[in-house]
> 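I'd like to ask you about the structure that follows.
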Amino acid sequence: MTVSRRTFVAGSVSAFLATGLTPTSAAGAPLPAEPAYRIPVSPDDTAEDLVRKASQVRPTPRQIAWQALERTAFLHFGVNTFTGLEWGTGDEDVDGCRPTGLDTDQWARSLRDGDFGLVALNG
């Protein structure tokens with residue numbers, strides 16, 4: 001049985017394993033009982049246990065790489081940019097979205113000059 005990432009992350013691994021099923025990756029490979037980056041917390045943990053466990057928390061390599069980007073820009077550019085509406089109705093005329101003098105290279109230069117490490121463009 002394949003477990004969705006949402007179910008796997010939202011649920012307790014030990015509770016899932018108690019069902020007798022084996023969680024698998026999207027490729028079907030068995031997942032470890034507890035990922036190396038996860039520190040299980042129990043309702044029975046004392047305050048001292050929680051402090052000790054909290055002192056063991058370390059960012060994953062992926063988290064460190066994301067933090068190294070330092071700045072992320074989010075650009076939202078689409079039909080509503082030209083309709084003046086914050087939220088679209090779904091029946092906007094796309095022919096009204098004909099930007100003139102648009103210089104996206106200027107956007108990229110500005111972001112580069114501002115030391116942004118990542119840009120997300122949503123349209």
Side-chain angles (χ1 to χ4, degrees):
M1 172 183 181
T2 301
V3 178
S4 75
R5 184 180 185 323
R6 183 175 194 186
T7 302
F8 187 74
V9 171
S12 162
V13 176
S14 54
F16 179 82
L17 292 174
T19 66
L21 300 172
T22 302
T24 58
S25 69
L31 295 174
E34 287 289 344
Y37 59 82
R38 184 171 290 161
I39 299 172
V41 176
S42 162
D44 299 326
D45 284 344
T46 65
E48 292 80 18
D49 292 333
L50 294 174
V51 168
R52 180 182 48 77
K53 289 179 178 185
S55 73
Q56 297 170 4
V57 173
R58 301 290 183 271
T60 64
R62 185 175 171 184
Q63 290 169 326
I64 291 170
W66 181 81
Q67 289 174 348
L69 294 171
E70 293 187 5
R71 293 184 185 183
T72 298
F74 180 81
L75 306 176
H76 187 96
F77 185 82
V79 174
N80 290 350
T81 304
F82 300 92
T83 62
L85 300 173
E86 182 173 356
W87 297 100
T89 61
D91 59 359
E92 291 81 13
D93 182 8
V94 294
D95 288 333
C97 181
R98 297 197 184 273
T100 57
L102 181 63
D103 184 0
T104 55
D105 288 343
Q106 184 270 331
W107 296 0
R109 285 189 303 274
S110 295
L111 293 166
R112 179 201 60 208
D113 294 346
D115 291 329
F116 282 84
L118 181 68
V119 177
L121 175 61
N122 184 16

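All of these numbers come straight from a predicted model, not from anything done at the bench.
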> Can you list every salt bridge (charged side-chain N to carboxylate O under 4.0 Å, His left out) pair that touches residues 49-60, not counting sequence neighbours?
Asp45-Lys53, Asp49-Arg52
> Starting from Val41 and following side-chain heavy-atom contacts under 4.5 Å between hydrophobic residues (I, L, V, M, F, W, Y), which residues can be reached?
Leu50
> Measure the spacing between CD of Glu92 and OG1 of Thr83 and express it to the nearest 0.5 Å.
5.5 Å
> Could you work out the complete set of other residues in the hydrophobic cluster of Val51, with links drawn between I, L, V, M, F, W and Y side chains under 4.5 Å apart?
none
> Once side-chain hydrogen bond (donor to acceptor under 3.5 Å, both in side chains) is applied, do any residues pair with Thr72, and if so which ones, sequence neighbours excluded?
none
> Please table the atom pairs, donor to acceptor, closer than 3.5 Å between any side-chain atom in residues 110-118 and protein atoms at least two apart or in another chain.
| from | atom 1 | to | atom 2 | distance (Å) |
| --- | --- | --- | --- | --- |
| Ser110 | OG | Gln106 | O | 3.1 |
| Ser110 | OG | Gln106 | NE2 | 2.8 |

> Under the side-chain contact (heavy atoms from CB on, under 4.5 Å) test, which residues partner Leu102, sequence neighbours left out?
Phe77, Pro99, Thr104, Trp107
> Are Phe82 and Leu121 in one and the same hydrophobic cluster, where Ile, Leu, Val, Met, Phe, Trp and Tyr link if side-chain heavy atoms are under 4.5 Å apart?
yes
> On a heavy-atom basis, which atom in Gly88 and which in Asn80 lie closest, and how many Å separate them?
N-ND2, 3.0 Å
